[in-house]
Structures are given as structure tokens and as C-alpha cells.
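Below is one structure, written out as C-alpha cells; comments come after it.
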Amino acid sequence: MRNLYSILKKEIGSYFISPIAYVVIGIFLIICGYFFYGAISFFSLLSLQASYDASMQAGINTTEGLFLPLFSNMSLIILLIIPLLTMRLFSEEKRLGTIEVLLTLPVRDGEVILGKFLACAGVFSLMLTLTFLYPLIVALWGELETAAVLTGYLGLFLIGIAFTSLGLFFSSLTENQIVAAVASFGAFILFLTIGWSSEFVGPPLNKVLIHLSILNHFSNFAKGIIDTSDLIYYLNFIFLCLFLTSRVLESRRWRG
Amino acid sequence: MIEVKNLTKYYGPVMAVEDVSFSVKKGEILGLLGPNAAGKTTTMRILTCFLSPTRGEARVAGFDVSKEPLEVRRRIGYLPENAPLYLDMRVSGYLEFMAQIKGIEPAKRKKSIAEVMENCGIANVSSRIMGHLSKGYRQRVCLAQALLNQPQVLILDEPTLGLDPKQIIEIRELIKKLAGKRTVILSTHILPEVSMTCQRVVIINEGRVVAEDTPQNLARAFEKSNQILLEIEGPSSEVASELAKIPGVLRVNLKDSLSQNMHLYLVESEKDIDIRRELSSKIVHKDWGLLEIRPVSMNLEDVFVKLVTEEKTQR
């Protein structure tokens, strides 16, 4: 436990010693802010139209009209941003050779992996928390369905840490950060869009593909629904990636 | 303290070390000597549990590296080759992190860190970012990290690589001071380093142990003749022929001419007899000037080259 804490602290520290965390968080907030501005402008236009047309009024609320499109946009930005946070986790240690010091210290592989994973997840959570400003703005000047929006955030959080675990895995495979990042991008996009091909394949494979799709499991959260099967999917996903990472570290001892 | 038995490591089909066995007693300093790619680093990586052996076993402080790696790692300090460091961290922050992970109690951390910084001469750079440090300082920061928590066993892979001559001397002194208190294995391909710091040497070549002894014994065992260096003022051809007449002398070589009448000679004589007295009386008798007389012992370098080349011709 103490080792995990030390590694976590060191990893978070190294995000903030270098400009990485500031740049990534800054860019993330700028793009999200831009999307939020777009979404809220569109929503106010919609509201204006609804004020002339009584039949439209029933269907309009901030969750579906504003946060649903915002969240799906944000999930894409998260996809683009996470590899930049995860690519260095193991690759840099391998390239610098510091992994030789780290893995000969009295720590378990699991503590190293979990420490790095939690550090990156922590930076991501901070990034996500800063966007709480948007619901806050909506709450001040409009009607906010707090529970639904929080559920949406839970979904984004789960997508983010699932990507983090996958990115961590790719980082453990190579000492080249670019390779780690590109491989992560590819895998993320595949997991986001794998559901699309379910339309072209027959049962039972289509059900499998839909179940594998990260987007499919996210859409419920965005609508404000917490389904345990979605939760289990994400937890499974993360567990599998961390497990594979530990296998990679273990196999390195044998391969050399 | 350290026992290595029939250690073998293959990287896929490539053999790195084969059937390496040696042991190190408590408080001893052992030098692992070998040309590049001889298997020194691989052996050390196995001892530090960074790699698993393909066959054979290694025990450090009584714990098997394959079965109880955490217990082993708790008892070692490791300086890898090229002294890898987190280049974006500060020296003090890095040592603090290492002290935490090595399990030094919070109350003692400051003192232990100050101590190793003092010993390695890095106190003046404690607040610098490691990426900005010179190679010599990086090497010493990494050594400081290895010394933290006073490990029973120190494993140092090329500890003096990249240091300037003064720093090399300092680090060697530091390692020598550890003798008796800690068990040290250090690898190097710099030969004088071994004869200066180590009590015992294991010479590895192409993954195999080719010799194991004290540096002095190794040098003696490989001397097939005694050699004496003479600087004599006198006519060179006459001197050479006269010296060769002395019983026991095998060969007289003119090594160098310092001026027209002053020459350096290397006289080889039979092993186990001392002919210096005969040489000097002959020279005095002939009324030449004896400017220098000095026995030349075979140094480790010669032994090493001999061993490594003999190995090749045998196979």
C-alpha cells in the first residue's frame, strides 16, 4: 500500500513537473469549452423556436438537448487526449532504462501498474472535474437534471479510465512513445466503432460486437441510465487491460 | 552471501551466459571482468531479479532470486549500466522517492539521504533537475540511490563509467570503504579498476567463467617468466650480448633508445630465480652506467588478454 502511494505520488508529480499535464488539460478544456458554447448556442436557438411553437416545448430539456450531444463530443476528445497521457507511462521508463531500477526495487509489479494507472486516471479525473463548470453555468441560468448529468459524467469517467488502462497496456509493449500512442488511438477507435459492423453480420456475432462496443455502453450513461451490465463491462475491460499489462511485465523477465 | 550455481540465460536462441558459477562471501568485493557483451550485465540482472534465469539458481543473502524476489530486492542496492534516472525530477525529490520505496522510516529519511549525498559528493546539486546534470553527476546520483537504506549487497554495473579521473578515484575509495561492511559485486572492463578495488575477480568471456581468483594470484599464475626492465648507459650491442651470457637469462630485448648511448632493455629470466644481483654486478664490472633496474610483473591486463585469446584458440 505504501509503495503504491509512493509510485502514485511520483507519477502524478512527473505529469506536473513537465508541461504535459498543463498542455493536455488546457487543450482539453479549450476544445470542450468550444463544444459547450456550440451546444448551448444551439440549445438556446431551439428554446427560442419552442417559445413560438407550443408543440415543441414538451420535448425540450437540457439533458437531451444540451448534455447528450456535449457528452458524445467530449467522449471523442477524451479518445484523442488519453493516449497522450498514457503513452509515456512505461515507454519512457523503458527508453530511459529507469525501469531497471524501478523493477529491482522491493515493489510488486502490481503496485507499479496500479500506481501508474491511478496516477493517469487521477489526472484525467481532474481534467473532467474542471468541466463541472458547464453544468454549473446551466444550473445558474436554466434547469439542470442533476442526477442525469452526474450519470453522464460517470459514463465519461468510465470511458476515460477504460481508455487509460488500454493505453497503459500499449505503453508497456514498446519503448517508443509514438508507437504506444498510435496503437492506443487505433484500439480506441476500434472499440468505439466495432458496434457499427454488427449491422452486416448475422447473429450471434452481431450481439457480441454490440456488447464489445464502448460507445454502446456509454449511450445509456449519457441518457442518465445506470445499467449494471454497462458498469461490469467497463470494470471487466479495465481489469483485463491491467492483467495483460502485468503479463507483459512478467514475460519481460523471461524474454530479456 | 551470494551464490550462483550453473546459471544459464538464453535470449531466445541467443546464449548470454552459460553455466556460470561463483560465490561471494560476506563483506567481500568481487569484480566481474569481461569484454563487452560477455554476460556481465545479464548476470547482474539475474541477481537483481530483473531477469529470470533459463536454468540454474542464484541466491542472494540466502534467498532464491526466482522464488523470493521481493526478499532479495529488499537486501540489494543496484546501479544499472549507464545510470538511468528520471530526467525531469530533481535530485532531492528522486532520492526521497527512492527512500520511501526502499522503506526507510519517515523520521530517518532526511538523515539517510543527506548521508548518501555526502558520500557520493552530490549535496551541491540536490535541487537540480537531473536532466541538466553531467554524466558524472548522474552516475553518482544513481550510485547514491543504490546506497540508500544500507543494503547488505551492492550490485554495481560499471560504477565508474563516464567519470573523470578524480571522480573515479573518489568512487573507488568509496567502494573500498564498503569492504567488510557490505558485499559488493562490480562489473567493469577497465582492468586496473579491478586490481585496485576488488579482493577477488571472476573473468567472464562469451558467457562462461574463464578464471576466478585474487588479482595477484591471477597475475602470478600466468607469468611464465620474470621480466626486468633496465636502463643502461653503454654500447647497446655489447650490453645485450654480455647480459645474455648471465646464467638464467632467457632473452634480452632492446626496448627503446633514449639517446645514442642510453638504452632500455627488457630482460626475461627463468621463473623463480632472481638475477638482479648478477645483472648489477656485471654492469658495474663493465663500468657501464646503471640508471634504472625494476622488475616488471605481468598485470591483469595481460592476463585478461591472454585468457580471452586462449579461450578462442582452444575452441
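Within every chain, numbering begins at 1; the chains are lettered A, B, ... in the order of the sequence lines, protein sequences first and strands thereafter.
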If we ignore angles and hydrogens, is there a donor and acceptor under 3.5 Å between the side chains of [X] and [Y]?
X        : Y        : value
A:Tyr153 : A:Thr129 : no
B:Asp157 : B:Thr41  : yes
A:Glu93  : A:Thr98  : yes

- Message: Are the side chains of B:Glu170 and B:Leu174 in contact, using a 4.5 Å heavy-atom criterion?
- Response: no

- Sub-4.5 Å side-chain heavy-atom contact between A:Ile99 and B:Phe50: yes

Enumerate, atom names and distances included, each donor-acceptor pair closer than 3.5 Å involving a side-chain atom of residues 13-35 of chain A, sequence neighbours excluded.
{"residue": "A:Ser14", "atom": "OG", "partner": "A:Glu11", "partner atom": "O", "Å": "2.9"}
{"residue": "A:Ser14", "atom": "OG", "partner": "A:Arg88", "partner atom": "NH2", "Å": "3.0"}
{"residue": "A:Tyr15", "atom": "OH", "partner": "A:Leu85", "partner atom": "O", "Å": "2.5"}
{"residue": "A:Ser18", "atom": "OG", "partner": "A:Ser14", "partner atom": "O", "Å": "3.0"}
{"residue": "A:Tyr22", "atom": "OH", "partner": "A:Phe16", "partner atom": "O", "Å": "3.3"}

- Which residues satisfy the ring-ring contact (aromatic ring centres under 6.0 Å, His included) test with A:Phe191, sequence neighbours excluded? A:Phe237

- Enumerate by number any residue of residues 126-146 of chain B whose heavy atoms lie under 4.5 Å from heavy atoms of chain A; in the absence of such residues, state 'none'. B:Gln145

- Message: Suppose a student defines contact as a heavy atom less than 4.5 Å from any heavy atom of chain A. Which residues in residues 77-112 of chain B would they list?
- Response: B:Tyr78, B:Pro80, B:Pro84, B:Leu85, B:Tyr86, B:Leu87, B:Asp88, B:Met89, B:Tyr94, B:Phe97, B:Met98, B:Gln100, B:Ile101, B:Lys102, B:Gly103

- What residue, out of A:Arg108, A:Lys10, A:Arg2, A:Lys9, has the most heavy-atom pairs lying under 4.5 Å from chain B? A:Lys10

- A:Tyr5 atom OH, neighbour heavy-atom count above 12 within 6.0 Å: no

- Query: Got more than 12 heavy atoms from elsewhere within 6.0 Å of CD, B:Glu118?
  - Reply: no

- Task: Identify which part of B:Pro53 has an atom lying under 4.5 Å from any heavy atom of chain A, answering side chain, backbone, both or neither.
- Result: backbone

- Checking salt bridge (Lys or Arg N to Asp or Glu O under 4.0 Å) for the pair A:Asp109/A:Arg253: CA distance, chi angles, key distance, verdict? CA-CA 11 Å; A:Asp109 288 359; A:Arg253 279 185 216 288; 3.1 Å; yes

